[in-house]
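Structure first, then comments.
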Amino acid sequence: MRSKSLPQRVSIVGAGTMGAGMAAVFARGGCEVRLAARRDSSIDDALRRAASIADEHASRISGTTSLEGALAGADLVVETIAEEAEPKRLVLALAETVAAPDTILVSNTSSISLARLAERLQRPERFAGLHWFNPPELVELVEVVRTERTDPEVTDTLRSWMEALGKAPVLVARDTPGFIANRLQYALVREAFALVEAGVCTPEDADRVLTHGLGARWAAVGPFQTIDLAGLDIHLAVARNLYPELSCETEPSERIEELVGEGSLGCKSGRGLLGDYDQARVEALAQRRLRVLTSLPALRDGKEK
């Protein structure tokens with residue numbers, strides 16, 4: 001087992017938004033990072049994005065279209081390609097044959113069973129999930145996901161590395177679909193769609209409830225802390241009244257199906273749930289997210305001191 005200090009060399013397979021952001025985070029931590037992708041154009045785009053985030057640490061990041069070249073000598077291999085099981089399995093199996101026996105392999109999957117991804121691995125005890133959130137350079141949360149066969153020392157090491165990078169790791173002790181964050185997120189999103197479709201509120205007002213109420217409050221204190229502050233007796237009374245009324249839908253909203261079917265995919269296609277998006281509107285939304293996410297750590301740390 002290598003030292004729990006940050007890995008010297010990190011290989012990231014997948015040079016999209018997530019790969020570039022992760023590369024910048026590791027580079028700022030002092031790691032040498034190699035990005036791998038199939039096309040030179042993808043590498044060039046990722047290196048530009050990573051350099052804009054990593055600033056003076058950008059020289060620690062390199063890119064290649066040679067997967068074997070990217071993997072050799074890595075202490076940590078991060079797979080973050082398209083959310084499809086078979087390509088991920090192929091990458092992880094190749095990584096295991098090229099990398100050293102004590103290299104830790106992780107997947108950034110958010111929805112595929114880790115046990116399924118580990119099916120072809122000879123050393124599944126060296127494999128775990130490492131789920132980052134977009135944008136990875138700003139969101140502190142990282143889910144460290146253990147499979148039944150993951151060596152506990154591997155997850156301990158991953159948590160230590162994430163803490164050294166300034167992240168807020170949480171351990172997902174069982175390989176559960178959606179892990180923790182997406183389970184919580186999609187439960188809330190399901191209820192939001194149910195309220196809109198029942199005519200209780202508009203999508204805009206549902207968003208405002210989160211950005212100006214629940215989300216802002218939960219950024220300071222989480223749901224269990226909120227219950228403790230309010231009183232468990234109050235929570236119990238409300239839960240008894242409200243739980244039977246909550247949505248139990250098992251299929252996504254028909255509105256989503258309609259929009260996707262017509263090619264309206266949100267900001268990236270110019271039209272989504274909240275109407276049309278031109279470049280100015282997309283940029284304003286991204287900048288607002290940037291301002292809020294950048295300010296949260298300082299605000300939270302200041303309150304806790």
Side-chain angles (χ1 to χ4, degrees), residues 5-65 67 69-71 74-83 91 104 106-110 129-144 158-170 181 219 266-268 277 279-301:
S5 60
L6 281 167
Q8 182 177 353
R9 292 185 178 180
V10 177
S11 294
I12 299 176
V13 183
T17 298
M18 297 300 293
M22 284 187 271
V25 173
F26 279 112
R28 289 190 308 206
C31 307
E32 297 296 323
V33 185
R34 283 174 290 192
L35 276 167
R38 290 177 296 179
R39 294 184 295 273
D40 287 327
S41 59
S42 298
I43 291 294
D44 292 342
D45 290 344
L47 289 177
R48 280 193 293 270
R49 183 175 188 278
S52 70
I53 301 166
D55 295 326
E56 68 269 21
H57 306 291
S59 61
R60 297 195 178 105
I61 308 170
S62 61
T64 179
T65 55
L67 185 55
L71 297 170
D75 302 308
L76 172 66
V77 175
V78 180
E79 172 277 308
T80 183
I81 63 173
E83 194 72 348
V91 165
I104 294 178
V106 299
S107 174
N108 186 44
T109 182
S110 60
L130 194 67
H131 183 214
W132 299 56
F133 294 83
N134 187 30
E137 68 274 14
L138 295 179
V139 179
E140 296 172 289
L141 177 65
V142 178
E143 292 177 313
V144 178
L158 290 170
R159 292 179 75 178
S160 175
W161 285 348
M162 293 302 101
E163 288 170 353
L165 291 173
K167 294 299 182 180
V170 296
C267 294
K268 63 183 178 182
Y277 289 90
Q279 191 57 42
R281 187 181 180 193
V282 173
E283 183 62 25
L285 194 60
Q287 287 300 315
R288 189 171 76 206
R289 181 180 68 176
L290 173 64
R291 289 194 301 272
V292 172
L293 289 177
T294 302
S295 66
L296 282 176
L299 289 171
R300 188 164 48 242
D301 290 346

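These numbers come from the heavy atoms of this one structure, side chains and all, not from hydrogens, waters or symmetry mates. Predicted model, so just to flag it, every value in this text is computed and none were measured.
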For the [atom1] atom of [X] and the [atom2] atom of [Y], what is their distance to the nearest 0.5 Å?
X	Y	atom1	atom2	answer
Ile61	Met22	CD1	CE	12.0 Å
Leu290	Leu285	CG	CG	11.5 Å
Ser11	Leu76	OG	CG	8.0 Å
Leu47	Ser62	CG	OG	7.5 Å
Phe133	Met18	CZ	CE	8.5 Å
Ile104	Leu130	CD1	CG	9.5 Å

Write down the atom of [X], the atom of [Y], and the distance for their closest heavy-atom approach.
X	Y	value
Ala37	Ala15	CB-CB, 3.7 Å
Ala36	Ile43	C-CD1, 4.0 Å
Thr80	Gly14	CG2-O, 3.7 Å
Leu6	Ala164	CG-CB, 3.9 Å
Ala219	Leu296	CB-CD2, 3.9 Å
Gly21	Ile53	CA-CD1, 4.3 Å

Are the side chains of [X] and [Y] in touch, meaning some heavy atoms are under 4.5 Å apart?
X	Y	answer
Val106	Glu79	no
Trp132	Lys167	yes
Arg289	Asn134	yes
Ile12	Phe26	yes
Pro135	Leu293	yes
Leu71	Val13	yes
Leu138	Thr294	yes
Asn108	His131	yes

Consider only side-chain N and O atoms of Glu283 and Gln287, and report whether a donor and an acceptor are under 3.5 Å apart.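 Gln287 and Glu283 do have a side-chain donor-acceptor pair below 3.5 Å.
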Considering residues, nucleotides and ligands other than Gln8, do more than 12 of their heavy atoms fall under 6.0 Å from its CD?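 No, CD of Gln8 has 12 or fewer neighbouring heavy atoms, counting only those of other groups under 6.0 Å.
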Tell me, please, which residues at least two apart from Arg48 pass salt bridge (Lys or Arg N to Asp or Glu O under 4.0 Å).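 Arg48: salt bridge (Lys or Arg N to Asp or Glu O under 4.0 Å) contacts with Asp45.
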With sequence neighbours left out, what residues match Ala51 under side-chain contact (heavy atoms from CB on, under 4.5 Å)?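 For Ala51 the side-chain contact (heavy atoms from CB on, under 4.5 Å) partners, ignoring immediate neighbours, are Ala58.
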Using 4.0 Å as the upper bound for N to carboxylate O, is an ion pair formed by Arg159 and Glu143?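 Arg159 and Glu143: not salt-bridged.
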Scan for salt bridge (Lys or Arg N to Asp or Glu O under 4.0 Å) pairs involving residues 15-44, sequence neighbours excluded, and state none if there are none.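 Not a single pair qualifies under salt bridge (Lys or Arg N to Asp or Glu O under 4.0 Å).
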Go through the steps for Asp75 and Val10 under the test side-chain contact (heavy atoms from CB on, under 4.5 Å), then give the verdict. CA-CA 6 Å; Asp75 302 308; Val10 177; over 6 Å; no
Does the side-chain contact (heavy atoms from CB on, under 4.5 Å) test come out yes or no for Arg49 and Glu137, once each step is laid out? CA-CA 11 Å; Arg49 183 175 188 278; Glu137 68 274 14; 3.0 Å; yes
Has the side chain of Arg60 got a donor or acceptor atom that lies under 3.5 Å from a matching backbone atom of Ala27?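 Such a contact is found between Arg60 side chain and Ala27 backbone.
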